[in-house]
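Contents: one structure, followed by commentary.
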Number of protein chains: 2
Amino acid sequence: MSIIFSRQCEYALQAVSYLALQPAGKKTSIRELTKKLKIPYHFLAKILQDLTYKKLLVSQKGPSGGFALAQSPDQITLFHIVEAIDGSDFAHKCVMGFPECSGKNPCSIHHQWAKMRDEIYSMLVTENITEMAREMKKPEYRL
Amino acid sequence: MSIIFSRQCEYALQAVSYLALQPAGKKTSIRELTKKLKIPYHFLAKILQDLTYKKLLVSQKGPSGGFALAQSPDQITLFHIVEAIDGSDFAHKCVMGFPECSGKNPCSIHHQWAKMRDEIYSMLVTENITEMAREMKKPEYRL
DNA sequence: TTTATATCAGACCTTTTTGTCTTAATATAC
DNA sequence: GTATATTAAGACAAAAAGGTCTGATATAAA
Ligand code: FES
Ligand code: FES
């Protein structure tokens, strides 16, 4: 089971990370991505297509076609990606699964959870692709 | 989609919360729980059975039977419940879905995530049923 | 004995993930 | 320009996982 993001969303994050490491403007094919990241081909294809539709990536068909970031990497935050794939429900829903989530009618761990949820949210909003790429260029990083 | 715990686990947390509000030793039937919590009968039955097997609850068949906490409520933490149903993978797996998670070969948000994950973990370990019940007795609470 | 309740087995549905195949676009070679 | 190779886009179905429902059986209280 996935932790907090869906499988799709995990793959999206991985793929965008990978694209962030490529020289600006270079198109990367699905084949290369699936090979490097070990992601099922058509599942990834669909995800990239969604991200393209949402204007986070651009695509090009034909020889030497592929995908690239649509915007300057410091304008794309993790939240943009997560929101495009999973939506932003996690930021509003009750962690215990109750139908509503608010301080007016909270569950027994609402207050603690709301605090952590805000931290997660602000990390997603703050962290952008440029910073991710910077981290990933350190020698110990995995891509 | 569920946030971080599976549906089963959410239901488990809800049910145990409810049991925590009952007088010590009182048996509560599945019927009462499903009615109050709007949870499918046999799904909850299976979950409670699992929690019983894991020694978190006790069960009794027959008229006026039902379920009750197996231990003193201040010895049951949220983590016990989560671990029994979902396991403790969330505490070790990569949030971006990479096969390993460690500082030696981290993903681009490992460091930030690891920090939040630890907070969540320590909340789960710290928060026990007694405290949950205390929160829930406040007038604005939902059960 | 009767009745209320947990337990157990299995079918069924829904969502998510993966795989097969076809079509459309386009860069490049000629 | 035309042909060809390469690539994304799209339809569709299979497989897997997660969740829900039906019904029967075992157990214990009254
Ligand atoms: S009501 Fe449960 S997290 Fe807000
Ligand atoms: S490697 Fe991704 S969270 Fe640790």
Side-chain angles (χ1 to χ4, degrees), chain A residues 1-15 19 22 25-70 85-87 89 97, chain B residues 1-15 19 22 25-70 82 85-87 89-90 93 97 99:
Chain A
M1 202 194 47
S2 56
I3 310 271
I4 176 166
F5 306 129
S6 71
R7 210 69 193 271
Q8 278 196 56
C9 192
E10 291 178 351
Y11 288 159
L13 291 168
Q14 294 183 20
L19 293 180
Q22 306 310 118
K26 190 200 159 211
K27 300 286 197 301
T28 305
S29 72
I30 301 178
R31 186 155 315 280
E32 176 177 348
L33 286 164
T34 57
K35 197 172 166 189
K36 292 284 174 50
L37 298 169
K38 311 262 197 307
I39 300 176
Y41 188 95
H42 285 82
F43 199 31
L44 181 58
K46 183 60 169 42
I47 294 166
L48 296 178
Q49 201 176 308
D50 286 350
L51 292 175
T52 303
Y53 182 75
K54 299 265 174 56
K55 311 281 190 211
L56 295 171
L57 303 180
V58 291
S59 70
Q60 189 174 20
K61 292 182 181 178
S64 78
F67 292 86
L69 301 181
I85 304 293
D86 277 354
D89 275 2
Chain B
M1 203 193 48
S2 56
I3 311 270
I4 176 165
F5 306 129
S6 69
R7 210 72 192 271
Q8 280 196 53
C9 192
E10 291 178 350
Y11 287 160
L13 292 168
Q14 293 183 20
L19 292 180
Q22 306 311 117
K26 188 197 162 212
K27 300 285 196 303
T28 304
S29 72
I30 301 177
R31 186 152 314 280
E32 177 176 349
L33 286 164
T34 57
K35 197 170 167 190
K36 292 285 173 50
L37 298 169
K38 310 264 197 305
I39 300 176
Y41 188 95
H42 285 83
F43 198 30
L44 181 57
K46 183 59 169 43
I47 294 166
L48 296 178
Q49 199 177 310
D50 286 350
L51 293 176
T52 304
Y53 181 75
K54 299 265 173 56
K55 311 285 190 206
L56 295 172
L57 302 180
V58 291
S59 69
Q60 188 175 22
K61 292 182 181 178
S64 79
F67 293 86
L69 301 180
V82 170
I85 303 294
D86 277 354
D89 275 1
F90 85 93
K93 295 212 311 192

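Labels below follow one simple rule: chain letters A, B, ... track the order of the sequence lines, proteins then strands, and each chain is numbered from 1. Excluded from the calculations below are hydrogen atoms, water molecules and symmetry mates; all remaining heavy atoms, backbone and side chain alike, are included.
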Indicate, with a heavy-atom threshold strictly under 4.0 Å, whether A/I30 touches base, sugar-phosphate, or nothing. sugar-phosphate

Taking five pairs at each terminus, the helix from C/dT1-D/dA30 to C/dC30-D/dG1 shows an axis bend, to 10°, of 10°

| task | Inspect the surroundings of NZ in B/K26 and state if more than 12 heavy atoms from other residues, nucleotides or ligands are less than 6.0 Å away. | result | yes

State whether A/E10 and A/R7 are salt-bridged, where the test is any N-O pair (Lys NZ or Arg NE/NH1/NH2 against Asp/Glu carboxylate O) under 4.0 Å.
yes

Heavy atoms of B/A12 and B/I85 approach each other most closely as CB-CG1, 3.9 Å

In this structure, CZ of A/F67 is separated from CG of A/L57 (nearest 0.5 Å) by 7.0 Å

When every non-hydrogen atom of B/A15 is compared with those of B/L33, the smallest separation belongs to O-CD2, 4.2 Å

Atom CZ of B/R31 and atom P of C/dA4 are separated, to the nearest Å, by 10 Å

Residue pairs meeting salt bridge (charged side-chain N to carboxylate O under 4.0 Å, His left out), one or both in residues 46-63 of chain B, sequence neighbours left out, come to B/K46-B/D50

Here the distance between atom P of C/dT5 and atom CG of B/L44, to the nearest Å, is 14 Å

Whole-Å distance, A/L57 CG to D/dT7 P, equals 18 Å

In whole angstroms, the gap separating C1' of C/dA4 from NZ of B/K27 amounts to 15 Å

Atom CD1 of A/I47 and atom P of D/dG10 are separated, to the nearest Å, by 15 Å

A/D50 CG to D/dA8 C1', in whole Å, measures 14 Å

Reading nucleotides 16-30 of chain D from 5' to 3' and marking B where a protein heavy atom lies under 4.0 Å of the base, S where only the sugar-phosphate is that close, and - otherwise, the string is ---SBBBB---BBB-

Any chance you could lay out the side-chain contact (heavy atoms from CB on, under 4.5 Å) test for B/V82 and B/F5, step after step, and finish with the verdict? CA-CA 8 Å; B/V82 170; B/F5 306 129; 3.8 Å; yes

When rounded to whole Å, the CG to P distance for the pair A/L33 and D/dT7 reads 12 Å

Inset, instruction - Using a 4.5 Å cut-off on heavy atoms from C-beta on, say whether the side chain of A/I47 contacts that of A/I39. - result: no

When rounded to whole Å, the NZ to C1' distance for the pair A/K46 and D/dG10 reads 10 Å

